[in-house]
Amino acid sequence: MKNKVQKIACNSLLVLFLTLNYSCSDELTERNEQFPQLNPANTDLLAGSWKTFLLTAPNEFYLDPPIASSTPAFAREINEIKSYQASITPEQKKIIQYWSAGGVLRWNEIMRTLVARHNRPPYQNEDGTYPAPSGANPFANPQFPFSNPPYAARAYAYVSAAQYDAMVATWHYKKLYNRDAPFIVDATLPVLIPKSSLPSYPSEDAVLAGVTVELLKLLFPTEIAYIQEKAEEQKLYRIISGANVRSDVDAGIILGRKIAAKFIARAAADGTGAAIGNQALWTQLETLTAATGETPWKSLDIPARPPMLPLFGKVKSFLMTPEMVLASRPVPPPSTKSEQFAKELAEVKTNSKNATRKNMGIVTFWADGVGIHTPPGHWNAIAAEEFVAQNYSEVRWARNMALLNIAMMDAAISCWDAKYFYFNPRPYQMDPSIKTLTGIPNFPAYVSGHSTFSGAASAVLSHIIPAKAQNFSIMAKQASDSRLLGAIHYKSDCEKGLELGKKVGGFAVARASIDGAE
Amino acid sequence: MKKIYLSCLLLAPLFMNAQTEIDGIMMSKGNFCFGTIYQRSSWNKYWEGTFKRENLNFGTVSTKSVALMGNYGVSDNLNIIFSLPYVETKASAGTMGGAKGLQDISFTVKYMPFEKTIGKATYSLYALGGLSAPISDYPADYLPLSIGLKSKTASLRLMGDYQRGRFFTTLSGAYVKRANVTIHRNSYYTTEIHYTNEVALPNAISINYRIGYRSSRLIAEAVLDNWVTQSGGFDITTNNMPFLSNTMNALKIGVNTKYTLKKVPALSIIGGCNFVTEGRNVGQSNTFYGGLFYILNLKKTIQENEK
């Protein structure tokens, strides 16, 4: 009897543990690993004539004509492909699988990771002050950059706009030089990805690598080794897969770099460097607001932190003039002494006290705070998954991402303009009994950044994919609401933010209808 | 044979919220011991990777929990143990609200396949199989204020106990398998962004050593506990938020006591404390607990009913 019990106990323990060990697989299925290989139905052959952002013409930067595909030199380039393919490794196959989903898509993802990695506020000094990251000394503590939402919005915009201009130039030269792809010249050459009917010189992937690497060096200088490694993979993928020969790739890198230089020069003079302000400005913001009789914003970080990028509203937009920023500025928020304000504050407190599991889920889903890709990054992720389903050509991918990200940079500019013009307090500052469901960002409340970004993103995406307009609008509303549910914003912040976002998103939509792509 | 089969649980609240019965004592057949423990744990310093710091935006983070527990003796060498804690967290500073709720229910099967007395010394071996699972949909993705990690876990612990007179020592080691956790986001960053709402947690190894005095009335022991997560974790970077799949290691020392009342031998009082001395991506917690347990002899009750 006793032995039987022992045996049963022993066996069941063992079986239980083994079953659990095998049934709980730790393998994750990640959506971006499921993306199919890019195989656009429409190659947008005429995209060389689309309207660019900074390039004065698609051929502003000269590209040498390619060697003819009938030459022995070209044959040797095809031999290079064959020699890679003869000893292809599993690692190389993985690289092909990864990059063949699309270059604009993958660089956008890489960038989201870089933003997330650097989206951390500086750690305080011993004396309670904060060091500022410095582009001139990026490895010092704190590392450069602190990719907070405005920084991130601008970074996404520059990379996307530069990629777009670079793709337009690429399409121009492809059509101009009309060199056949290696698999057309040598019909026996195996091709490991869907065959494109586009001329192959210069390689669009190489142009993307060239332009993106240069911009990312500027935006994320501590990541150059990581970025360079990705670019090498992308170049290799084009050659091993048989999509491009070496000279397509080399020419692409050269063209991409030249175009990047133009965007880098613009970035150096767009006002971002000065956006952090200085003690005199921070004090002035406080005194100017106090002079109006309103309660000025105070940092809720401990120790108190200088306000985030108070002059970001003055950064030079791609689509808006300073007059347009001013004209878009929302009406003032309810006075902190008004009945309306008291009502809105009470609503925040109710949300804080009666947080349901569902609401907490919404707050978490849209929080996009420290350590992640920021609200603009979240909208890039949403857009990317939608664009994958649309199977765009690289030039159209670049164009749509540029419109989205330029709109969100404009959202950052106009939202920060409003925040620092009104400099109003967060709910917790007015009533410290309000506990929040997520962290309070270190800048004034009116208008909500999440709402402005989401309004702008949903306006642009709805224009690009009208069939999904209602979805985007619902998502934007939920992102906006999440800040009120999280007890860190008043209703006015969210409503007016969403409105402002839609308004500035309209500038990108207007541009979309005249850029030649529709 | 040890004369303390009627001993009740002597629980050492373990790292994070895993409370497992890992002492070298069995409930005898037909006895059911149940009770409750109140525990308070707090820290104002934590390790960001290996960098030890404070965070004024949280001040002191405290966790209060009340747990219901029970242990039933299926036979003299097979026990089934359960625990169900209610947890509440709070930060003394900053704007973030705490969290509260029922956390993870756990069941442990404790089996003693071997016990032998040679002279004055008794040697015994144990195997413990444990399962735990969250019983409410609490947000795990809210560290450091979430009430738990919400992972289903399975653990296997092997334990050896040596007792000579009233002095004893127990050594055990466990492997804890932790299932993926679903969070309310569809992407998150570890060392790169993952586009899924599932998070893979690193598994863990737990080593526990105890030494002390053990009689039918009083147990007093010192405990050394080391919890180490295995591959797959990562460090919190400077001024970043913690995340549930961080590497989380903790070395703790502590004391446990249990006293059985003379006048009511079915009732016992337990209490103890433990302190994290070394850690990685965890708070340097100081924990204090106390509880009451009562033993029912179900076999006797049934026999009485039959009469």
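Computed from heavy atoms alone, side chains included, the values below leave out hydrogens, waters and symmetry copies.
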Chemist: Give a yes or no on whether B:Lys100 atom NZ has more than 12 heavy-atom contacts from other residues, nucleotides or ligands under 6.0 Å away.
Modeler: no
Chemist: Taking all heavy atoms of B:Ile193 and all of A:His373, pick out the closest pair and write down the distance.
Modeler: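 For B:Ile193 and A:His373, the tightest heavy-atom pair comes out as CD1-ND1, 3.4 Å.
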Chemist: Mark yes when over 12 heavy atoms from residues, nucleotides or ligands other than A:Lys435 sit less than 6.0 Å from its NZ; otherwise mark no.
Modeler: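 Yes, NZ of A:Lys435 has more than 12 neighbouring heavy atoms, counting only those of other groups under 6.0 Å.
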Chemist: Relative to chain B, which segment of A:Thr438 carries a heavy atom at a distance below 4.5 Å: side chain, backbone, both, or neither?
Modeler: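 A:Thr438 touches chain B through backbone heavy atoms alone.
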Chemist: Looking at every heavy atom in both A:Ile302 and B:Ala93, which two are closest together, and how far apart are they?
Modeler: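 So the two residues come closest at CD1-CB, 4.5 Å.
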Chemist: Would you say the side-chain atoms of B:Asn57 pair up with the backbone N or O of A:Asp301, donor to acceptor, closer than 3.5 Å?
Modeler: no
Chemist: If you count heavy-atom pairs within less than 4.5 Å of chain B, which of A:Arg117, A:Arg31, A:Gln143, A:Glu109 leads?
Modeler: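 It is A:Arg31.
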Chemist: What's the spacing between A:Asn119 CG and B:Met241 CE if we round to 0.5 Å?
Modeler: 12.0 Å
Chemist: So A:Tyr123 and B:Phe51, would you call those rings parallel, tilted or perpendicular, with 30° and 60° as cut-offs?
Modeler: perpendicular
Chemist: What distance separates A:Ile382 CD1 from B:Ser187 OG, expressed to the nearest 0.5 Å?
Modeler: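 It comes to 9.0 Å.
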Chemist: Please classify the contact between B:Tyr188 and chain A as side chain, backbone, both or neither, with a heavy-atom cut-off of under 4.5 Å.
Modeler: both
Chemist: Going from CG on B:Asn180 to CD on A:Glu27, what distance comes out if it is rounded to the nearest 0.5 angstrom?
Modeler: 9.0 Å
Chemist: Nearest heavy-atom pair of B:Tyr189 and A:Ala116: which atoms, and what distance?
Modeler: CD1-CB, 3.6 Å
Chemist: Determine the option with the most heavy-atom pairs under 4.5 angstrom with chain A, choosing from B:Thr95, B:Leu56, B:Asn197.
Modeler: B:Thr95
Chemist: Measure A:Ile110 against the heavy atoms of chain B and call it side chain, backbone, both or neither at under 4.5 Å.
Modeler: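 Neither part.
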Chemist: Please flag which part of A:Pro122 lies under 4.5 Å from any non-hydrogen atom of chain B: side chain, backbone, both or neither.
Modeler: backbone
Chemist: Give, for atom CG of A:Leu28 and atom OG1 of B:Thr196, the distance between the pair rounded to the nearest 0.5 Å.
Modeler: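 Answer rounded to 0.5 Å: 5.5 Å.
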Chemist: Within the supplied structure, the quantity of interest is the number of heavy atoms (other residues, nucleotides, ligands) at a distance under 6.0 Å from B:Lys90 NZ; does it exceed 12?
Modeler: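 No, NZ of B:Lys90 has 12 or fewer neighbouring heavy atoms, counting only those of other groups under 6.0 Å.
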Chemist: Are the side chain of A:Thr113 and the backbone of B:Glu192 linked by a donor-acceptor contact shorter than 3.5 Å?
Modeler: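 No; zero donor-acceptor contacts below 3.5 Å.
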Chemist: Tell me the residues of residues 355-365 of chain A whose non-hydrogen atoms fall below 4.5 Å from those of chain B, in number order.
Modeler: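 Contacts with chain B: A:Arg357, A:Met360, A:Gly361, A:Thr364, A:Phe365.
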Chemist: Measuring from atom CZ of A:Phe146 to atom CG of B:Asn239, what distance do you get when rounded to the nearest 0.5 angstrom?
Modeler: 9.0 Å
Chemist: Can you tell me how far the NE2 atom of A:His378 sits from the CG atom of B:Asn186, to the nearest 0.5 Å?
Modeler: 5.0 Å
